[in-house]
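Here is the structure we will look at.
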Amino acid sequence: VSAVGMPRHARAAEPVKIGMLLDLTGALEAYGKPIQNGAILAAEHLNAAGGPLGRRLELVHRDSQTDPTAGIAAAEKLVELDKVVAIVGALSSGVTIPVATSVTILSGIVQISPASTSPQITDLQDNDLLFRTCPSDTLQGKVSGRLAKTLGFQTISTIYVNNPYGSGLSKTFSQTFSEHGGKVVAAVAYEEGRPSYRGELEQALKGKPQAIALFSYPENGVTIIRQALELGYMGKFLLADGMKAPEVVHDVGAQ
C-alpha cells in the first residue's frame, strides 16, 4: 500500500495524462489540427508498445483559440480539473509565454511548445519548466535577413503581428538585413482580427519598398496580401514560417 493509502498496482494502472493546448481555432487553426492529429498518432503508437512504464498515455485536448486570455483559462483547466502532468503547447508565442508565466511555472508543470519561436522564451525565468522543439527566431530572422539581401533587395518594409512572435522576428530580420547593406524603410505592427489593414499597408508602402517582409499568421496574412494587391502593390512578399499553410495560396486566389 502506498503512503496515501492506495494500492501500488492501482496507481500504476492510472493513465499518464498529457494536456494538449493547441490552436484549434483562431489565427493558427490551420496548424493546430494537423499537430493534434500527429500527437494522437504518437500516443497510439506509444500505447501499442506498452505505454510509458506500462501505463496508458491519455491526451486531454483543450483549445487555446490563439488567444492569451483563452489560453490561460484552458491551461488552468488542464492543470486544476484534468490533473495533467505536462502540457504540449501552445503554438503562438503570444499564448505560450503568458500561459507559462501565469499557469505552468507557478504550478510546476512542464510545458513544451512545438511551434513558439519568440526569442523571449530563451531568457524567460521558467524554473527549467518551459521548452520548445523548434528554433528561436533569432535564427530565422538572421537567415531571412540574409536571404532578402541575397535575392537582391535593397529596400524592404516589414509588417508584423503585434505579439512576441511578430515583433521578435521583425527586429532580428531588420537588424540582419541592415547589417548586410539593406534598408528597412518601415516596420509596421498590426493587431489581429481586423477586417482592414489598409492603414498599415499605406505606412509600409510609403517608402516604396521593393518587397514586404510579412511576419503574420494565415488568417490576417491573407487579408494583408489581398489588400496590398488591391492598393496596386506590385512588389514581392517574403513570408516566414507562420504563413506556410497551404490554405494561404488558395485563399489569396488569383489577383
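- Residue M234 is found outside any hydrophobic cluster, as its side-chain heavy atoms come under 4.5 Å of no other Ile, Leu, Val, Met, Phe, Trp or Tyr.
- Scanning both residues, A240 and F215, for their nearest heavy atoms gives CB-CD2, 3.8 Å.
- Every side chain to side chain contact (heavy atoms under 4.5 Å, CB included) that K77 has, sequence neighbours left out, goes to R62, L81.
- Within the 3.5 Å criterion, the main-chain N or O of P98 finds a donor-acceptor partner in the side chain of T101.
- Ring pair Y233/F237 is perpendicular by interplanar angle, where above 60° counts as perpendicular and below 30° as parallel.
- Looking at heavy atoms from C-beta onward, T96 lies in side-chain contact with L130 at the 4.5 angstrom threshold.
- Looking only at distances, a side-chain donor or acceptor of S144 sits under 3.5 Å from a matching main-chain atom of G141.
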Residues 42-52 side chain polar contacts: donor-acceptor under 3.5 Å, at least two apart:
| unit_1 | atom_1 | unit_2 | atom_2 | d |
| --- | --- | --- | --- | --- |
| N47 | OD1 | L57 | N | 2.6 |
| N47 | ND2 | A43 | O | 3.3 |
| N47 | ND2 | L57 | O | 3.0 |

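- Rounded to the nearest 0.5 Å, atoms OG1 (T25) and CG (D67) are 9.0 Å apart.
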- Query: Can you check salt bridge (Lys or Arg N to Asp or Glu O under 4.0 Å) on R56 and E14, steps first, answer last?
  - Reply: CA-CA 7 Å; R56 187 173 63 86; E14 292 179 356; over 6 Å; no
- Query: side-chain hydrogen bond (donor to acceptor under 3.5 Å, both in side chains) between D23 and Q65: does it pass, once the steps are laid out?
  - Reply: CA-CA 5 Å; D23 305 45; Q65 301 177 39; over 6 Å; no
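- Residue I18 is not grouped with residue V84 when hydrophobic side chains (ILVMFWY) are merged at heavy-atom distances under 4.5 angstrom, including chains of intermediate members.
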- Under the side chain to side chain contact (heavy atoms under 4.5 Å, CB included) criterion, do L238 and F153 qualify, and how do the steps go? CA-CA 11 Å; L238 297 177; F153 298 120; 4.1 Å; yes
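- Neither I87 nor Y31 shares a network with the other; the hydrophobic side chains, linked directly or stepwise wherever heavy atoms of I, L, V, M, F, W or Y lie under 4.5 Å apart, form separate groups for each.
- The OG atom of S216 sits 9.0 Å away from the CG atom of L239 when rounded to the nearest 0.5 Å.
- In summary, E200 and R194 engage in a salt bridge, as defined by a charged side-chain N under 4.0 Å from a carboxylate O.
- Rounded to the nearest 0.5 Å, atoms OG (S174) and CG (L169) are 9.0 Å apart.
- By the rule that hydrophobic residues join a cluster once side-chain heavy atoms approach within less than 4.5 Å of another member, Y197 and L229 end up as members of one cluster.
- Between E76 and V103, the shortest heavy-atom distance links the atoms CG-CG2, 3.7 Å.
- In this structure, the side chain to side chain contact (heavy atoms under 4.5 Å, CB included) partners of Q36, at least two apart in sequence or on a different chain, are L22, L24, I40, H61.
- Without hydrogens or angle criteria, Q111 side chain to G89 main chain gives a donor-acceptor distance under 3.5 Å.
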- Query: Please walk me through it: do S116 and L91 pass side chain to side chain contact (heavy atoms under 4.5 Å, CB included)?
  - Reply: CA-CA 5 Å; S116 294; L91 304 186; 5.7 Å; no
- Message: Checking R132 against T122 for the side-chain hydrogen bond (donor to acceptor under 3.5 Å, both in side chains) test, could you report, in this order, the C-alpha distance in whole Å, the side-chain angles of both residues, the deciding distance, and whether it holds?
- Response: CA-CA 10 Å; R132 57 181 165 197; T122 302; 2.8 Å; yes
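- Side-chain contact, T117 with D137: a donor N or O sits under 3.5 Å from an acceptor N or O.
- Using modelled atom types, one side-chain atom of K83 and one backbone atom of E80 make a donor-acceptor pair closer than 3.5 Å.
- Heavy atoms only, all atoms of each residue included: P114 and T133 are closest at CA-OG1, 3.3 Å.
- Checked by atom type and distance alone, the side chain of D126 pairs as donor or acceptor with a backbone atom of D128 at under 3.5 Å.
- One finds the CD1 atom of I72 at 4.0 Å from the OG atom of S102 (value rounded to the nearest 0.5 Å).
- When atom types are taken as modelled, the side chain of S64 and the backbone of A90 share no donor-acceptor pair closer than 3.5 angstrom.
- Residue I35 is not grouped with residue I112 when hydrophobic side chains (ILVMFWY) are merged at heavy-atom distances under 4.5 angstrom, including chains of intermediate members.
- Using a cutoff of 4.0 Å between basic side-chain nitrogens and carboxylate oxygens, E29 and K33 are scored as salt-bridged.
- For the pair S93 and S118, the tightest heavy-atom approach, listed with the atom from each and the gap, is OG-N, 3.0 Å.
- Cluster annotation: L214 is connected to L147 through the hydrophobic network of ILVMFWY side chains, with a link wherever side-chain heavy atoms come within less than 4.5 Å.
- Within a 6.0 Å sphere centred on NZ of K149, heavy atoms belonging to other residues, nucleotides or ligands number more than 12.
- For S136, the side-chain hydrogen bond (donor to acceptor under 3.5 Å, both in side chains) partners at least two apart in sequence or on another chain are T138.
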- Task: Go through Q154 and K183 one step at a time and tell me if the side chain to side chain contact (heavy atoms under 4.5 Å, CB included) criterion holds.
- Result: CA-CA 6 Å; Q154 300 297 324; K183 182 178 180 181; over 6 Å; no
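- Side-chain N or O atoms of T104 include none that pairs as donor or acceptor with a backbone N or O of V110 at under 3.5 Å.
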- Message: Before you tell me yes or no, could you show the steps for H180 and R146 under side chain to side chain contact (heavy atoms under 4.5 Å, CB included), namely the whole-Å CA-CA distance, both residues' side-chain angles and the distance that decides it to 0.1 Å?
- Response: CA-CA 7 Å; H180 285 75; R146 291 198 301 266; 3.5 Å; yes
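- Side-chain atoms of E230 do not come within 3.5 Å of backbone N or O of I225 as any donor-acceptor pair.
- Taking each heavy atom of G71 and V95 in turn, the nearest pair found is CA-CG1, 4.0 Å.
- Looking at every heavy atom in both residues, A86 comes nearest to I109 through CA-CG2, 3.7 Å.
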Residues 156-164, side-chain donor-acceptor partners within the protein, below 3.5 Å, at least two apart:
| unit_1 | atom_1 | unit_2 | atom_2 | d |
| --- | --- | --- | --- | --- |
| S157 | OG | A204 | O | 2.6 |
| T158 | OG1 | S170 | OG | 2.9 |
| N162 | ND2 | E191 | OE2 | 2.7 |
| N163 | OD1 | Y165 | N | 3.0 |
| N163 | OD1 | G166 | N | 3.0 |
| N163 | ND2 | Y217 | OH | 3.1 |

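- Of the possible polar contacts, none joining the E58 side chain to the K17 backbone as a donor-acceptor pair under 3.5 Å is found.
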